[in-house]
Each structure stands twice: as structure tokens, then as C-alpha cells.
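Just so it is clear, the values below take in all heavy atoms, side chains as well, and ignore hydrogens, waters and symmetry mates.
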Amino acid sequence: MSQRTDLTQHFESISPAEFFYRNRQMAGFANASQALYSAVRELVENSLDSCEDHSILPRVDISITNNGSDTFNLRVSDNGPGVPTEHVPNAFGKVLFGSKYRQRQKRGAFGLGVTMAILYGQITTDSAAVIHTKQIDSPGTEYRLLIDVEKNCPIVQSTCELHRESTGTTVSICLKGNLSRSEDRIMEYLRLTSVSSPHASLSLTIDGNVVAKFGGVSRTPPPPPSITKPHPRSVDLEMMNRLIQQKSKKRLKDWLVDSFQKVGVKTATDFLKFIQMDPNRKVTSLSRDELIRIGSGLRKYDKFENPDSRALSPIGKSSFIVGVRSAFNTSAQYYSVRTASEWHGHPLIIEGILVIGDDFPRSDIPTLYRFANRVPLLYDSSEDVLTKALKRVNWGRYNLRNSSPAALFVNLSSTRIPFKAAGKQSIASIPEIEEIAIALYRDLGRRLNKVLKQHLQSTLKTKRMREFRRFFNLLAVYGAELAETQVPETSSMIDQLFEVEDIE
Amino acid sequence: MERAQSTLRALGERVVQSLSSGKFPVFEIPDRKTSNIHYDPSTRRYALGPSTVKRDSKNTKHVRSMAQLLWAASFARQLLNTSRTSSLRDLYYSSEAFGIEFADQSESDRIVTDLECLTGLPREAFGVFPEEHSSIYGNVLMRYNVPGYEGREIDLTVSPDGLPIGPALVSAEPVRSSASMVLAVESGGMFSRLIETKAWQRFNAVLVQLGGQPPRGTRRILRRLRYELDLPVYIFTDGDPWGMHIARVIISGSANAAHIKDLNVPDATWIGVTPSDIEEYSLPNEGLNNADLKRLDDLTRDVRYDSAEWRKHIDDFRRFRKKAEQQAFSRYGMDFVVENYLRDKLA
């Protein structure tokens with residue numbers, strides 16, 4: 001869980017833990033069954049992010065133990081790079097606001113979720129979170145942490161050197177939960193996580209028994225996405241103010257070049273001509289109205305190149321297929337991707353796999369599995385733009401029938417996912433995204449249709465062969481009966497006939 | 001019967017021989033397409049031309065009907081071996097037990113017709129008959145050939161309801177008759193009327209109830225009465241294009257049975273009800289409907305109507321645009337049809 005320590009210098013304390021605790025339903029901790037699922041999810045995503053930042057193949061072990069009645073001990077252990085000892089208290093015990101101005105694809109947005117899980121455990125069971133971490137050059141350290149909600153700061157209950165076999169981090173939280181109501185969701189979440197991250201090995205242990213293992217089927221970690229500056233089309237006033245604070249000595253033209261991607265000296269000069277601003281103005285001297293003018297100019301100006309998609313880490317064809325096939329029985333699958341697109345200055349890649357397989361419900365429309373930055377979205381599907389797009393496609397055109405149950409796995413990658421609500425379960429209806437999704441679905445439909453047709457033809461051929469064999473045998477049987485002789489041997493004739501047909 | 005059996009055996013032997021030498025059996029069946037059906041003026045009947053269709057068992061589309069045909073042949077063989085008969089419908093239902101799927105009875109009927117064409121024998125020779133709906137009544141002595149009744153003779157006046165024309169009667173030999181004509185009538189009602197009113201005695205006629213378009217067995221009996229007992233045949237039908245065509249089929253044969261010989265009575269006479277009868281006797285009538293008019297159009301193109309007499313009937317129907325049933329005579333009382341109409345016509 002080092003990614004947050006890397007960024008420490010860009011963090012700032014903001015309105016505290018208490019706000020989030022009071023609004024915990026926003027973070028997915030509204031009730032006992034939701035809390036257990038959300039805690040698993042936050043810890044797993046944090047672990048995966050930290051491993052992938054260092055190109056480590058993640059191994060994440062989740063263990064849930066019932067401590068009696070409705071109290072559970074949740075332990076999530078990873079093989080990541082570990083957290084520097086001195087950063088542990090702030091990384092886990094303080095609600096931090098990360099710098100969102102360095103853009104790169106991640107599962108978690110601000111690392112808020114882990115702190116939320118610790119806080120929830122502390123409030124419901126009055127016990128400290130235990131963090132045991134080891135970096136490559138340290139023996140291993142164990143922290144017992146509480147959070148001072150009002151002051152938004154960690155309370156270190158104890159810390160000691162504790163041996164740990166290999167690098168990585170283990171977080172243990174004691175919390176109130178409802179396992180019987182959340183176990184299925186947790187399983188589904190882990191299974192789908194292994195679909196979008198087949199390089200990760202996940203295991204789930206409940207009360208000491210390993211109940212499920214997922215993933216680990218791909219041996220190559222995804223290349224870490226590059227960190228990029230914001231694209232000019234993605235600015236808002238608050239972002240501009242922060243960028244000005246960071247680079248307060250700059251003049252307007254240089255500030256533009258330094259702060260944004262796809263803006264060089266020439267582009268900056270042309271842009272400033274376009275909005276008729278003096279390139280040599282000191283940025284700190286700009287009035288609020290002028291900033292608003294610059295901001296709307298940046299969003300409108302159409303000569304900026306598209307945002308850099310190197311900040312994204314799509315799953316990719318082979319990994320996605322491997323992932324789907326490791327989790328579901330499929331008889332056929334088709335991959336398609338839409339790259340080089342954007343929404344409001346954020347690079348966007350939508351990729352999808354359409355699969356046929358008996359694991360899926362029979363329907364005339366594929367079953368949709370949604371992912372955002374590889375994170376499976378399990379709830380609020382009906383409000384999601386990806387679902388909306390699914391319904392706008394006429395699947396009947398692609399020969400999709402009840403007889404061939406199909407599912408559609410769609411992953412949306414972006415430096416910013418426009419979630420509809422803080423629960424991060426459904427993607428808002430952005431027209432650009434909807435159109436791209438529809439184009440992707442149609443492309444998949446066409447690929448499927450092509451193969452379904454071939455499949456239908458080969459089924460027909462097999463049926464025709466079977467029928468032929470049957471009737472040809474009847475011909476021999478009744479011929480022999482009329483002639484009052486033995487039934488002549490016919491199978492070699494039939495084989496011969498179909499060999500010839502196959503060559504044709 | 002022996003001929004039928006040996007024909008079926010030969011069919012089986014051909015198939016087995018072909019298979020044993022590694023060749024896919026092929027059937028050549030006389031073509032029943034209308035383009036191959038000709039009117040033969042010398043025999044005065046419909047007959048098939050020289051064209052044939054080829055069924056090749058190598059062809060996945062043909063093998064099914066060939067298997068069905070061989071099954072039908074083996075079914076016929078069973079009938080012959082056990083001296084039984086079967087209806088076409090019975091044959092259709094029997095197929096299910098043998099894994100032979102006929103889509104419907106019209107398909108199995110067609111396969112039976114294929115078997116007739118291929119072997120040159122009518123299905124009656126194999127013991128396959130249609131459902132009964134014809135009967136016969138009159139002074140004729142017939143001698144049965146069917147097992148259990150061999151040599152037994154029957155007088156066709158034995159039942160006041162008439163006798164159904166079934167497999168036994170179709171295969172029976174006409175022995176003798178004191179009648180001087182055969183009167184074939186379309187409807188059952190008229191048939192009963194003519195028995196009850198003793199019209200058969202008055203005209204010294206053998207009565208045959210056709211029941212609409214008569215089955216082949218009935219047409220065969222008509223032909224045998226004509227040629228073996230030398231009785232002229234008169235046909236009395238409803239006065240519409242359909243009734244007229246019943247008469248025409250008895251006289252010249254049908255396209256459906258063009259492959260079967262010895263079914264028609266070339267010199268039979270249609271006494272009516274003709275379109276001009278409707279006028280002359282002021283019969284209660286209905287106007288011709290579209291189907292009737294279309295039927296007239298079809299008949300106009302039919303070679304069987306290529307004579308002045310029959311042209312006139314068609315033209316009269318078109319002119320008067322009327323049709324009447326046999327029963328229409330009842331308007332003038334129960335006996336009018338016998339006392340007046342038939343007396344005029346059969347005089």
C-alpha cells in the first residue's frame with residue numbers, strides 16, 4: 001500500500017473523518033451486511049493497486065473469522081511492496097485527500113475506503129486495526145491503530161518490530177457484520193475481480209477453511225500506466241486555483257505548458273490568442289472572472305490533441321479472455337475495444353467480451369457484467385449507462401437467441417470514472433460514453449452473428465448427416481426385408497460419402 | 001397377388017444388390033408433373049408421358065422419401081403375406097412405430113402413389129384402400145376372392161342400405177346381372193331415395209353412390225360392370241362445375257391416377273344436372289361463387305373438356321351463372337325426380 005506514501009507530499013488534510021463516518025452509507029458502510037462486503041472490497045482494491053504499481057503479481061488472501069455473534073475478524077494480506085514504517089499511521093489512520101491532479105488509472109480514487117473500514121470497525125467493536133507490514137529492507141513492523149475522529153488523526157496504540165516472512169502488508173480489522181447475507185456478494189466480487197485481473201491470485205478463508213480460490217491464471221502483470229498531467233479540457237475552477245498555488249511564480253503561457261498535457265509553447269500561444277489574453281500575465285494576478293474565461297476557453301478550444309491514454313491500463317484481449325474463461329464455462333468469446341476516445345478531457349477506453357456459455361441465463365439479451373477500471377460493479381445496474389446502451393442495441397439482429405445464452409463483460413477505463421453516486425456502483429449517463437458503448441456492443445454483436453451463423457450451419461450439417469445415416473439404414477433394412485435376405489453393410493458407404501463432402 | 005408379391009421382392013432385391021456392390025440405389029419413377037400428363041385419345045383417358053424423375057439415395061434430400069417408399073413396400077408385403085388390407089390412413093399411423101416420419105397423411109399418400117408408379121401396380125393390388133364412402137345396390141351377382149370368402153357369391157340387393165364398396169367387393173368378380181344399366185349418383189341422399197322409391201326396379205338399374213369424387217375402387221367397379229357385364233353407365237351429379245367434373249373423371253380418368261390403367265369408363269354418360277336442366281326444370285338454385293367461376297376457368301383449359309358438348313356445358317354455366325343440387329328436385333315432390341327427370345333422361 002505504498003502508492004499513498006509516494007504521494008504524501010501531495011496530500012492535504014481535509015474536513016475529517018467525522019464527516020465520512022456520519023455519511024458512511026455514501027462509502028458503502030450503511031449496515032452490517034454491506035459493511036463486511038465493502039471492507040473486503042476496499043482492502044482488496046488497495047492491495048491490488050499497490051502490487052500493480054510495482055509490477056508485482058498480486059497474491060491477496062482474505063480471511064474472515066467469526067468471533068462470536070455478529071462480530072468478525074477480517075484480515076487481508078498481500079505480497080505488495082509494504083508501507084514505509086513511518087507512514088503507516090497517516091496512511092491508515094487519517095482521512096486524506098489525495099491530489100487528484102496527477103492523473104493515472106486506479107481502482108481506488110483517494111484511499112478513503114480503507115480508513116473508512118478501519119473507522120467502522122473501531123466504532124462497532126471498539127477495537128484497534130492491526131497493520132503488519134514489511135518492506136524489502138526492513139524486518140517487519142506491527143501497528144495497532146485507532147482513529148481520533150474529531151481531530152482526524154491516528155492514535156497509535158502500540159507498535160513493535162514483528163518478523164514477517166516476505167514483503168507485503170496485512171490489515172486486520174474487527175468489525176460488526178453479517179456474513180450469511182454478504183458471503184455471496186463477496187464471492188461474486190472476488191470471482192469477477194479475477195475476470196478483470198486474471199494475474200491476481202485471490203483466496204477466501206472463512207473460519208479457518210479455504211472456501212474459494214480465484215485467478216492467478218495469467219503470469220504477466222499489466223504494465224503500470226504512466227502518470228499524466230491533466231488535460232486542458234478536464235479543468236474546473238477549483239483545479240485551476242490549485243494549479244496556480246503550485247506554480248505561483250509562472251507567467252500565464254508557461255503555466256499552461258507546465259500544468260497541462262498536450263499543451264506546448266505553440267499551442268499555448270495559439271490558445272491565448274484565441275481567448276485574447278496576455279501570455280505574460282503572472283498567474284497570481286488573474287481575477288476570478290479571468291480564470292473563468294480561461295477555464296471555459298480551455299474546455300471549448302478544439303485544437304488540443306485528445307487526452308493521453310497511456311494513463312490507462314485496459315485489461316487487453318488475451319488477459320480479458322483468459323479471465324472470463326477461468327471463471328465461466330464458455331463455448332465462444334469475442335473481444336472488441338474502443339480506444340482513443342475521451343469524455344470531458346478524460347481519456348477513455350471501453351473494451352468488452354461477448355461470450356456464449358451455459359453458465360449464463362437464457363435470454364434474448366446478453367447478461368451484462370460491468371467493470372470500471374477493472375473493479376466489478378455489482379449493484380445499481382439498471383441505472384448504469386452501460387446497461388442503458390445494452391438496451392438500445394437490437395440484439396435480435398445478431399441472431400442472439402434463447403438457445404445460446406450470452407453474457408457481455410464490459411470494462412470502462414478512465415482517469416476519472418463518472419460514478420453516479422459515491423457508492424461507486426453505477427456509471428452516469430454521459431452521452432459520449434453511451435455512444436461508444438453502443439458502437440462496441442454492435443461490433444461484438446456482428447462478430448457473434450458471423451460465428452453463430454457458421455455454428456448453425458455446422459449444426460444443420462451434423463443433423464443432416466445423422467438423418468441421412470438413419471434413413472439410409474432404413475433403406476437397407478426394408479430392402480433386405482423385401483428381398484428376404486441379410487441386411488447389407490452400409491456404414492462404409494455412408495462414411496465414404498461424407499468424407500467426400502468434407503473435402504468439398 | 002402373386003404378381004404384386006414378386007414385384008415387391010424384385011424391388012427389394014434391386015436395392016440390396018446395389019448396396020452390396022457399394023452403389024447408391026437409384027429409383028427412376030414416372031414423372032407425375034402436369035407437364036408429363038397427357039390425354040391419350042386412343043384409350044380416351046389421362047396417361048403419363050415418358051418423362052421420369054430420378055431419386056438418388058446419395059442425395060440427402062432423396063434418401064428420406066426412398067426409405068419411406070421401401071417401408072411402404074414392406075408394409076404392403078406384410079399385408080399380402082397375411083391377406084389383410086389397410087386404409088391409407090391406417091398406413092399413415094402404422095408408420096410411426098417404425099421410425100418412419102411422415103409429416104402428414106398427404107405425404108404418406110404421395111409415397112404410396114410413388115410406389116404405384118415405380119411398380120406399375122395400383123395400391124389396391126397391395127391391399128391398400130382409401131376410407132370407404134361409396135356404396136352399391138342392384139341386381140348384380142359378385143363372387144368374392146378375399147380369403148375366407150373365396151368363391152362365395154353375393155347379390156348386391158342383400159341390404160336395403162346398399163353395400164359399401166370395400167376391398168373385398170373391389171377385388172370380387174362380377175358374375176352376372178339382370179340389370180340393363182348402371183346409374184351412378186353423387187349424393188347418399190339421392191341414392192337412398194332411388195332405392196326406397198324402387199326407381200332401381202323401374203329403370204332396371206344398378207345404383208352406385210359416388211360420395212363426391214369417387215375413390216378408385218368405385219371407378220374400377222364401374223369399369224368392370226361396363227366391360228365385363230356390358231352395362232352402360234350413366235352419371236347423375238349436382239348441377240355445378242364440381243359435379244360435372246366427377247362425371248368427367250369417371251369418363252377420362254384423373255391426373256392423380258394418370259399412372260394407373262383401367263380406371264375409366266370412356267363411354268359413360270353424364271345425364272346432369274346440366275346447366276340447361278336448371279333452366280328447363282326451373283330448379284331452385286344459387287348463383288355461382290368465385291370458387292365456382294375459377295373452377296370453370298380451370299376446366300376451360302383442361303383437355304378433357306375439348307369437345308363441343310362439354311364446351312357447351314361450361315358456356316351454359318357461365319351464361320346462366322347458376323348451380324343446383326340433385327335434391328333441388330324435391331321442390332316438386334318426392335317422386336318428381338324419378339317420375340319426370342330421370343324418365344326423360346334415361347329414356
Side-chain angles (χ1 to χ4, degrees), chain A residues 331-332 356 362 364 396 398-404 448-504, chain B residues 4-27 55-81 91 94-103 107 111 114-115 118-119 121 126:
Chain A
S331 55
I356 304 294
R362 287 171 191 279
D364 47 11
Y398 305 117
N399 268 313
L400 194 71
R401 304 234 165 73
N402 287 340
S403 54
S404 43
L448 172 76
N449 189 22
K450 214 170 133 193
V451 179
L452 281 183
K453 268 190 191 153
Q454 287 165 0
H455 182 69
L456 192 70
Q457 271 162 7
S458 88
T459 314
L460 279 179
K461 195 188 164 191
T462 316
K463 194 182 160 201
R464 222 175 41 152
M465 274 170 64
R466 212 173 42 232
E467 289 282 274
F468 181 87
R469 201 172 281 278
R470 196 163 76 78
F471 284 115
F472 197 74
N473 286 334
L474 287 173
L475 188 69
V477 165
Y478 291 117
E481 195 178 306
L482 289 170
E484 290 170 21
T485 58
Q486 295 272 311
V487 179
E489 216 279 317
T490 54
S491 55
S492 66
M493 284 178 74
I494 298 171
D495 292 344
Q496 210 183 339
L497 184 69
F498 284 111
E499 269 169 33
V500 174
E501 264 209 350
D502 284 341
I503 293 163
E504 285 168 359
Chain B
Q5 272 168 324
S6 64
T7 306
L8 292 176
R9 173 192 277 269
L11 175 64
E13 279 166 353
R14 255 174 58 206
V15 169
V16 171
Q17 258 169 31
S18 177
L19 290 172
S20 306
S21 55
K23 288 192 191 110
F24 287 89
V26 173
F27 293 163
R55 298 277 162 75
D56 190 338
S57 59
K58 206 187 291 176
N59 186 323
T60 48
K61 291 194 185 86
H62 290 177
V63 70
R64 178 166 181 262
S65 70
M66 290 176 77
Q68 288 172 332
L69 191 143
L70 271 253
W71 171 79
S74 90
F75 183 80
R77 175 178 172 269
Q78 284 293 321
L79 290 176
L80 292 175
N81 286 353
L91 178 140
S94 303
S95 68
E96 287 182 6
F98 296 90
I100 297 287
E101 301 139 358
F102 289 114
E107 185 178 27
I111 291 294
D114 279 348
L115 182 63
L118 187 64
T119 58
L121 290 170
F126 303 125

Task: Choice from B/A76, B/P25, B/A10, B/G22 maximising heavy atom contacts with chain A below 4.5 Å - done: B/G22

TODO: Report the distance from atom CZ of B/F24 to atom CG of A/L497, rounding to the nearest 0.5 Å.
DONE: 4.5 Å

Task: Contact origin within B/L69 toward chain A - heavy atom pairs under 4.5 Å - done: neither

- [ ] Please identify each residue that fulfils ring pair (Phe, Tyr, Trp, His ring centres under 6.0 Å) with A/F468, with sequence neighbours left out.
- [x] A/F472, A/F498

Put together the list of donor-acceptor pairs under 3.5 Å connecting chain A with chain B, please.
{"residue": "A/R470", "atom": "NH1", "partner": "B/G99", "partner atom": "O", "Å": "3.0"}
{"residue": "A/R470", "atom": "NH2", "partner": "B/E101", "partner atom": "OE1", "Å": "3.1"}
{"residue": "A/R470", "atom": "NH2", "partner": "B/E101", "partner atom": "OE2", "Å": "2.7"}
{"residue": "A/E484", "atom": "OE1", "partner": "B/R9", "partner atom": "NH2", "Å": "2.9"}
{"residue": "A/E484", "atom": "OE2", "partner": "B/R77", "partner atom": "NH2", "Å": "2.8"}

Open item on the list: Which heavy atom of B/G99 sits nearest to which heavy atom of A/L474, and what is that distance?
Closed with: O-CD1, 3.9 Å

Task: Which residues share a side-chain contact (heavy atoms from CB on, under 4.5 Å) with B/A73, sequence neighbours left out - done: A/L482, B/L8, B/L11, B/L115

- [ ] Identify, with sequence neighbours excluded, every residue that meets ring pair (Phe, Tyr, Trp, His ring centres under 6.0 Å) alongside A/F471.
- [x] none

Task: chain A contact via B/F98 - which portion, at a heavy-atom distance below 4.5 Å - done: both

